[in-house]
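This is a predicted model, so every value here is computed, not measured. Chain identifiers are assigned alphabetically (A, B, ...) following the order of the sequence lines, protein sequences preceding nucleic acid strands; residue numbering begins at 1 within each chain.
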Amino acid sequence: MIKTLYFFGAVFLSILLCSCDATPSGKIEQGLRSFQKFNDGVQQAAFSKNKLAPKIEDKDLTPESQFRVNDYDTHTPPSDTTENWRLFVTGLVKHPGYYSLAQIKELQKQVQNSKHVCVEGWSQNIKWGGVALWYFLDWVGADSTAKYIAVECADKYYEGYDMESARHPETLLCYEAFNKPLTLQHGAPCRIVMPTKLGYKSAKWILKLVVTNTKPGGYWEDQGYDWNAGL
Amino acid sequence: MKISPAKVFQHPLIIRVTHWLNVIALLIMVSSGMRIFNASPLFDFKFPHWITLGGWLGGARQWHFFAMWIFVVNGIIAVIYNVVTRHGRKTTIFSPKDIHGLLPMIKYYLRITKKHPTVEKYNSLQKLAYTSVPFLGLGVTLSGLAMYMPVTFQEIAFIFGGYDLARWFHFIFMALFVFFFLGHIFMVVISGWWNFWSMITGWKRVSPIQK
């Protein structure tokens, strides 16, 4: 019995020592990050661009007063640029250039209730409005055989998406929440909303959209979050 | 070492290997899971940082989604092995005829009766605990999938009442696992070294007192 106690004591202590080294470093971190790419592949294979997110009734929406602002690090909302805002579209597109909010609002509008799932674990049910990104991409003549979409934001945030997810019917180029124009804190004038991905994929304050075959990084992905982030 | 006649073969190799892999997987899953929990706690408390694994949410998720494969694949192998070979069907798996043995064991553990009820390899409480483990594994896996990919696996998420409730279920299944783990460790410690050693070598030295 004493021997057993010693053994488990030793095991317990070793685990403590290992976990004290809180940040995985060196080889372990490399190994985990390679494995993460394997999981990205699995998530990509499991993804179906025809599978819609579970339907959310209006009565189950998060009250607008509780619409949560997720600020991160030292990033603060950039000053309001709605007046002069243009979305710069470039890369593998037939009609690259600068698009105004008025032009985007003229396209067929899609309003949907979607769950915003944060990587931290909390979630909110929001009524979003905007144009379906697939529709916008077709409108600007994006090469639909290109592999990726990259976006850059006014706050230096950046994101990347696989084309399949970007063209999912519920991926929005979003300019409204709860039937009102986006507030500055929620990404005005225009943001991405992607109910098939974790919240960090739904980039706010976007300025630039690139259609590309080069895999883009992402603000959080480059620090260790999973790139696919599929839900 | 001489093989004395007072030794019995307890645990086949597959059982021993899957058992220890499961220990590793569970330790990683629970410790990284606590770090993930801390990012947005379900309750009014956080786990102390030193007990968690991963350093930050991103690191913890990397550990969690790595060890989940060990946990699941290893668990499936163990269950298939048990079902196919019918290993433990008589000795370890709880069956309706074990129900009558529950109360005497509870009374014994609560010190109401002093004499240990006569049992075979495992008593009915032990059988109940061991038999519940694969079901806990299934529950923790399904509720985990419901949280990991609530759109892709929305049918599973639906069973748990959606993404947000699945988090509660995942936590409860985890807590039951830890409860089992603590009880198991306690029993192993009071059963002594040779019982523990048999999970490594497969052989158990039976002391005259136990026999």
Side-chain angles (χ1 to χ4, degrees), chain A residues 1-8 11-12 15-16 18-25 28-29 31-36 38-40 42-43 45-48 51-56 60 114-115 117-125 168 170 195-198 220-221 223-226 228 230-231, chain B residues 23-24 27-28 30-32 34-42 49-69 145-155 157-158 162-164 166-167 170-171 185-186 188-197 200:
Chain A
M1 178 167 163
I2 294 292
K3 271 187 191 168
T4 323
L5 268 179
Y6 278 150
F7 180 83
F8 281 106
V11 170
F12 184 67
I15 293 163
L16 274 190
C18 292
S19 58
C20 279
D21 172 31
T23 2
S25 53
I28 293 177
E29 188 180 42
L32 285 171
R33 292 205 60 163
S34 328
F35 196 86
Q36 192 176 41
F38 167 75
N39 277 335
D40 277 344
V42 172
Q43 289 201 323
F47 177 79
S48 161
K51 193 160 196 172
L52 300 180
K55 194 169 162 45
I56 293 164
D60 296 323
S114 301
K115 185 180 281 292
V117 179
C118 181
V119 63
E120 290 174 355
W122 54 269
S123 80
Q124 294 206 313
N125 298 336
H168 184 274
E170 290 172 308
T196 54
K197 301 276 182 195
L198 286 169
W220 285 111
E221 291 86 332
Q223 295 174 58
Y225 279 178
D226 36 318
N228 187 280
L231 286 179
Chain B
V23 171
I24 296 167
L27 286 173
I28 298 177
V30 173
S31 54
S32 59
M34 289 190 288
R35 185 86 203 95
I36 297 171
F37 172 99
N38 280 356
S40 181
L42 281 177
H49 188 87
W50 61 266
I51 207 173
T52 67
L53 179 67
W56 70 298
L57 178 57
R61 284 171 59 89
Q62 289 174 4
W63 278 107
H64 208 70
F65 303 139
F66 159 68
M68 73 178 180
W69 289 101
L145 279 175
M147 296 162 68
Y148 187 44
M149 299 189 80
V151 175
T152 304
F153 301 126
Q154 55 188 272
E155 296 79 9
F158 179 80
Y163 168 81
D164 300 274
R167 294 184 69 201
H170 198 61
F171 187 90
I185 295 286
F186 176 75
V188 167
V189 168
I190 61 171
S191 307
W193 177 254
W194 290 106
N195 179 59
F196 166 75
W197 195 240
I200 293 173

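For V117(A), the part lying near chain B is the side chain, with the backbone staying farther off; criterion is any non-hydrogen pair under 4.5 Å. Contacts between L57(B) and chain A at a heavy-atom distance below 4.5 Å involve backbone atoms as well as side-chain atoms. Proximity to chain B involves both the backbone and the side chain of S123(A), based on heavy atoms less than 4.5 angstrom apart.
Shown here for P150(B) and P54(A), the closest heavy-atom pair between the two residues is O-CG, 4.0 Å. Taking every heavy atom of both residues into account, E120(A) and R167(B) meet most closely at O-NH2, 4.4 Å. In this structure, A46(A) and T152(B) approach most closely via the heavy-atom pair O-CG2, 3.4 Å. Heavy atoms only, all atoms of each residue included: W56(B) and Y225(A) are closest at CZ3-CE2, 3.4 Å.
The greatest number of non-hydrogen atom pairs below 4.5 Å with chain A, out of W69(B), F158(B), F153(B), F65(B), is found for W69(B).
By the side chain to side chain contact (heavy atoms under 4.5 Å, CB included) test, Q43(A) is found to be paired with D226(A), N228(A), Y148(B), M149(B), residues two or more places apart in sequence or in another chain being considered. Looking at residues two or more places apart in sequence or on another chain, you find no salt bridge (charged side-chain N to carboxylate O under 4.0 Å, His left out) involving E170(A).
To the nearest 0.5 Å, the span separating CG on N39(A) from CZ on R61(B) amounts to 10.0 Å. Rounding to the nearest 0.5 Å places CH2 of W63(B) at 13.0 Å from CD of Q36(A).
A donor-acceptor pair is defined here as one N or O able to donate and one able to accept, closer than 3.5 Å; such a pair exists between the side chain of Q154(B) and the backbone of L52(A). Listed for the Y163(B) side chain is no donor-acceptor partner under 3.5 Å among the backbone atoms of W122(A).
Proximity of D164(B) to K115(A): side-chain heavy atoms (C-beta onward) are separated by under 4.5 Å at one or more points.
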